[in-house]
Amino acid sequence: MKLSHGMHLAYCTNIHRGENWQQTFDSLNDYTLAVRQRVCRDKPYAIGLRLSDEASRELADRSTLLAFQKWLSQHNCYVFTINGFPYGRFHGARVKEQVYAPDWTTNKRVEYTNRLFDLLAQLLPEDIEGSVSTVPCSFKPFIKTPEQVRAMRDNLWRCVEHIAEVSERSGKKLHLGLEPEPLCYLETSEETVSFFEALRADRPNDSRLDAHLGVNYDTCHLAVEFEEPHDVVRRFRQHRIKISKLHFSSALKVRPTPEVRAALKAFADDIYFHQVVSRSAEGAITRYEDLDVALAQPTTLNPQPPDEWRIHFHIPLHSKPTALFDTTGDHLLGVMDMLKADAGFCSHIEMETYTWEVLPPELKNRNVVDQLAAEYEWTLASLTERGIRAR
């Protein structure tokens with residue numbers, strides 16, 4: 001939906017199953033329109049579209065694309081952003097590290113992302129910017145040689161060239177957002193800045209980089225890294241890095257007492273990675289590839305005070321703290337505070353709680369339409385408190 005200050009808000013449709021275009025389109029009909037009826041019945045409704053590689057190839061068929069454009073018009077919906085992070089299957093089977101593959105060392109990732117921009121340029125309404133979010137280059141364990149690092153930079157430059165060409169041809173402003181994530185090649189805001197500086201050094205004074213490549217700031221991911229919103233935004237702005245899109249999301253935040261560790265087993269699913277970053281009272285950081293790995297570590301008897309764990313598990317935005325679990329909602333609210341102070345630093349907002357199918361029962365006590373409507377309600381109320389309103 002359209003917000004004040006030229007912002008746009010959507011939920012990311014990666015919460016729904018949809019690996020080919022028909023499945024994706026069925027989800028839009030079955031769920032997205034139902035959510036729209038609950039939260040934005042009479043005004044233009046924004047869709048944060050997730051397209052797999054297969055779905056993007058099928059949607060690129062002219063007749064299929066025309067039919068989708070007609071559907072958008074009939075339902076007064078519009079697409080302003082595409083989630084191009086998961087290339088292949090994203091639900092119902094083991095995803096884990098494969099969500100980062102193919103990574104930016106490969107031609108497949110370039111071709112897929114370029115296709116998404118070709119589609120977005122045709123779907124995007126006039127006078128609205130278009131964004132695509134993507135993997136943070138790669139998963140750290142995948143990258144073993146300087147040649148791979150060089151390949152990632154070269155491939156991203158190829159994509160930037162394509163985005164610039166599509167932008168010029170279509171007259172629409174388009175940009176790609178790399179999405180830092182725990183244990184990935186781009187994990188922290190500092191690592192991201194260093195990578196952008198290397199990209200700039202490859203082609204000094206090429207303005208296309210600043211115009212068409214930025215970051216997708218996922219508030220769950222950088223909260224897990226114990227970063228603070230004002231530091232993240234200041235760092236990116238100081239280094240002229242565009243914040244292409246904001247992902248509104250929250251992570252689990254706990255003190256790993258024996259009782260909490262036992263309860264956390266319900267979150268250790270076989271589908272997604274749930275990276276854990278632990279910080280001691282002295283500030284020492286320990287990283288674990290997945291929640292089950294962290295839970296398998298021996299416990300220290302009665303540490304005073306206990307460590308804090310932040311877990312990459314997307315929790316519904318409206319979830320309230322319990323006796324055992326807290327969330328990183330304070331980080332998300334901190335980003336909202338920064339939007340209140342300067343609404344111009346990012347105009348694209350996407351709520352992303354893709355973990356619906358693997359939530360423990362106590363967090364899944366409603367259907368997915370109710371869940372998404374509740375996330376809209378919470379988000380809009382929180383933004384309204386800061387002077388940002390639905391139009």
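The figures here come from the full heavy-atom set of this structure, side chains too, leaving out hydrogens, waters and symmetry mates. Everything quoted here is computed from the prediction, not taken from an experiment.
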Original post:
Does Glu191 offer a backbone N or O that forms a donor-acceptor pair with the side chain of Thr188 under 3.5 Å?
Top reply: yes
Original post:
So does Arg158 pair up with Asp154, basic N to acidic O under 4.0 Å?
Top reply: no
Original post:
Which heavy atom in Phe248 sits nearest to a heavy atom in Leu383, and how many Å separate them?
Top reply: CE2-CD2, 4.4 Å
Original post:
Linking I/L/V/M/F/W/Y whenever any side-chain heavy atoms sit under 4.5 Å apart, do Leu72 and Leu174 land together?
Top reply: yes
**OP:** Decide ring-ring contact (aromatic ring centres under 6.0 Å, His included) for Trp104 and Tyr185; before the verdict, give the C-alpha distance in whole Å, the side-chain angles of both, and the deciding distance to 0.1 Å.
**Re:** CA-CA 10 Å; Trp104 277 99; Tyr185 187 77; over 10 Å; no
Original post:
For atom CD of Glu377, is the number of surrounding heavy atoms from other residues, nucleotides or ligands below 6.0 Å larger than 12?
Top reply: no
**OP:** For Phe68 and Leu59, run side-chain contact (heavy atoms from CB on, under 4.5 Å): C-alpha distance rounded to whole Å, both residues' side-chain angles, the deciding distance at 0.1 Å, then the answer.
**Re:** CA-CA 8 Å; Phe68 183 47; Leu59 183 57; 4.0 Å; yes
Subject >> Partner of Asn216 by side-chain contact (heavy atoms from CB on, under 4.5 Å), out of Ser244, Pro180, Ser133 >> reply: Ser133
Original post:
Out of curiosity, does Phe325 fall in the hydrophobic cluster containing Trp378 (side-chain heavy atoms, cut-off under 4.5 Å, transitive links)?
Top reply: yes
Subject >> Lys172 NZ to His175 NE2 distance, which is reported to the nearest 0.5 Å >> reply: 13.5 Å
Subject >> Intermediate values then yes/no, side chain to side chain donor-acceptor pair (under 3.5 Å), Glu350 and Thr81 >> reply: CA-CA 8 Å; Glu350 194 173 43; Thr81 190; 4.8 Å; no
Original post:
When rounded to the nearest 0.5 angstrom, what distance separates NZ in Lys253 from CD1 in Ile311?
Top reply: 12.0 Å
Subject >> Lys/Arg N to Asp/Glu carboxylate O, Glu19 vs Arg17, below 4.0 Å >> reply: no
Original post:
Side-chain contact, heavy-atom cut-off 4.5 Å: Tyr217 with Pro229?
Top reply: yes
Original post:
Measuring from Gln371:CD to Thr353:OG1, what's the distance to the nearest 0.5 Å?
Top reply: 6.0 Å
Subject >> Electrostatic pair Arg279:Glu308 at N-O distance under 4.0 angstrom >> reply: no
**OP:** For Gln297 and Ala294, indicate whether the former's side chain and the latter's backbone hold a donor-acceptor pair under 3.5 Å.
**Re:** no
**OP:** Flag yes if more than 12 heavy atoms outside Gln74 fall under 6.0 Å of its CD atom; otherwise flag no.
**Re:** yes
**OP:** Please examine the side chains of Val193 and Phe236, heavy atoms only from C-beta on, and report whether any two atoms are closer than 4.5 Å.
**Re:** yes
**OP:** Go through the side-chain N and O atoms of Gln275 and Glu181 and say whether any donor and acceptor fall under 3.5 Å apart.
**Re:** yes
Original post:
Is there a donor-acceptor contact under 3.5 Å from the side chain of Asn29 to the main chain of Phe25?
Top reply: yes
**OP:** Indicate the atoms forming the closest heavy-atom contact of Ile349 with Phe80, along with that distance.
**Re:** O-CZ, 3.8 Å
**OP:** Decide, yes or no, whether a salt bridge links Arg57 with Glu54 under the criterion of side-chain N to carboxylate O below 4.0 Å.
**Re:** no
Original post:
So which heavy atom on Cys159 is nearest to which on Thr113, and how close?
Top reply: SG-CG2, 3.8 Å
Original post:
Do other residues, nucleotides or ligands put more than 12 heavy atoms under 6.0 Å from the OH atom of Tyr31?
Top reply: no
**OP:** Establish, yes or no, whether a centroid distance under 6.0 Å links the rings of His16 and Tyr11.
**Re:** yes
**OP:** Quick one: do Trp157 and Asp206 satisfy side-chain contact (heavy atoms from CB on, under 4.5 Å)? Show the steps, please.
**Re:** CA-CA 10 Å; Trp157 267 114; Asp206 192 328; 3.6 Å; yes
Subject >> Distance, nearest 0.5 Å, that separates CG of Leu222 from OG1 of Thr192 >> reply: 7.0 Å
Subject >> Asp118 vs Gln122, side chain to side chain donor-acceptor pair (under 3.5 Å): CA-CA, chis, key distance, verdict >> reply: CA-CA 7 Å; Asp118 293 339; Gln122 297 178 79; over 6 Å; no
Subject >> Ion pair check, Arg255 and Asp326, cut-off under 4.0 Å >> reply: no
Subject >> Inter-residue atom distance Asn14.CG - Ser52.OG, 0.5 Å rounding >> reply: 12.0 Å
**OP:** Evaluate the side-chain proximity of Lys364 to Trp356: yes if any heavy-atom separation is below 4.5 Å, no if none is.
**Re:** yes
Original post:
Salt-bridged, Glu161 to Arg203, with N to O below 4.0 Å?
Top reply: yes
Subject >> The single option from Ser138, Pro136, Cys137 passing side-chain contact (heavy atoms from CB on, under 4.5 Å) against Cys184 >> reply: Pro136
Original post:
Is NZ or CZ of Arg109 both nearer than 6.0 Å to the six-membered ring centre of Tyr87 and within 45° of the ring axis?
Top reply: no
Subject >> Atom of Leu9, atom of Ala46 and distance for their closest heavy-atom approach >> reply: O-CB, 3.5 Å
Original post:
Got a donor-acceptor contact below 3.5 angstrom from the Ser167 side chain to the Lys173 backbone?
Top reply: no
**OP:** Heavy atoms only: give me the nearest Phe142-Ala101 pair and the separation to one decimal.
**Re:** CE1-CB, 4.5 Å
Original post:
Are Leu66 and Leu28 connected in a single hydrophobic cluster, I mean Ile/Leu/Val/Met/Phe/Trp/Tyr linked by side-chain heavy atoms less than 4.5 Å apart?
Top reply: no
Subject >> salt bridge (charged side-chain N to carboxylate O under 4.0 Å, His left out) evaluation trace for Lys245 with Glu352 >> reply: CA-CA 12 Å; Lys245 180 167 63 174; Glu352 196 210 23; over 6 Å; no
Original post:
At their closest point, which heavy atom of Arg38 faces which heavy atom of Ala373, and how far apart are they?
Top reply: NH2-CB, 3.7 Å
Subject >> Spacing of CG belonging to Leu333 relative to CG belonging to Leu317, to within rounding of 0.5 Å >> reply: 10.0 Å
Original post:
Looking at side-chain heavy atoms only, is the closest gap between Leu176 and Phe117 below 4.5 Å?
Top reply: yes
Original post:
Between Asp292 and His274, does a side chain to side chain donor-acceptor pair (under 3.5 Å) hold up when you go through it step by step?
Top reply: CA-CA 8 Å; Asp292 60 345; His274 300 300; over 6 Å; no
Original post:
Hey, are Lys144 and Glu147 close enough for a salt bridge, meaning a charged N less than 4.0 Å from a carboxylate O?
Top reply: no
Original post:
Just checking, any donor-acceptor pair under 3.5 angstrom between side chains of His318 and Tyr376?
Top reply: no
Original post:
In terms of side-chain geometry, is the basic nitrogen of Lys96 or Asp290 positioned less than 4.0 Å from the acidic oxygen of its partner?
Top reply: yes
Original post:
How far apart are the C-alpha atoms of Asp337 and Lys340, what are their side-chain angles, what is the distance that settles it, and do they pass the salt bridge (charged side-chain N to carboxylate O under 4.0 Å, His left out) test?
Top reply: CA-CA 5 Å; Asp337 288 340; Lys340 175 184 177 181; over 6 Å; no
**OP:** State whether the number of non-hydrogen atoms from other residues, nucleotides or ligands found under 6.0 Å of Asn365 atom CG is greater than 12.
**Re:** yes
Original post:
Any ion pair linking Glu225 and Arg287 (charged N to carboxylate O, less than 4.0 Å)?
Top reply: yes
Subject >> Worked verdict on Leu156 versus Leu178 for side-chain contact (heavy atoms from CB on, under 4.5 Å) >> reply: CA-CA 10 Å; Leu156 279 164; Leu178 295 163; 4.1 Å; yes
Subject >> Residue pair His8, Tyr78: steps toward the side chain to side chain donor-acceptor pair (under 3.5 Å) verdict >> reply: CA-CA 10 Å; His8 301 269; Tyr78 66 100; 2.7 Å; yes
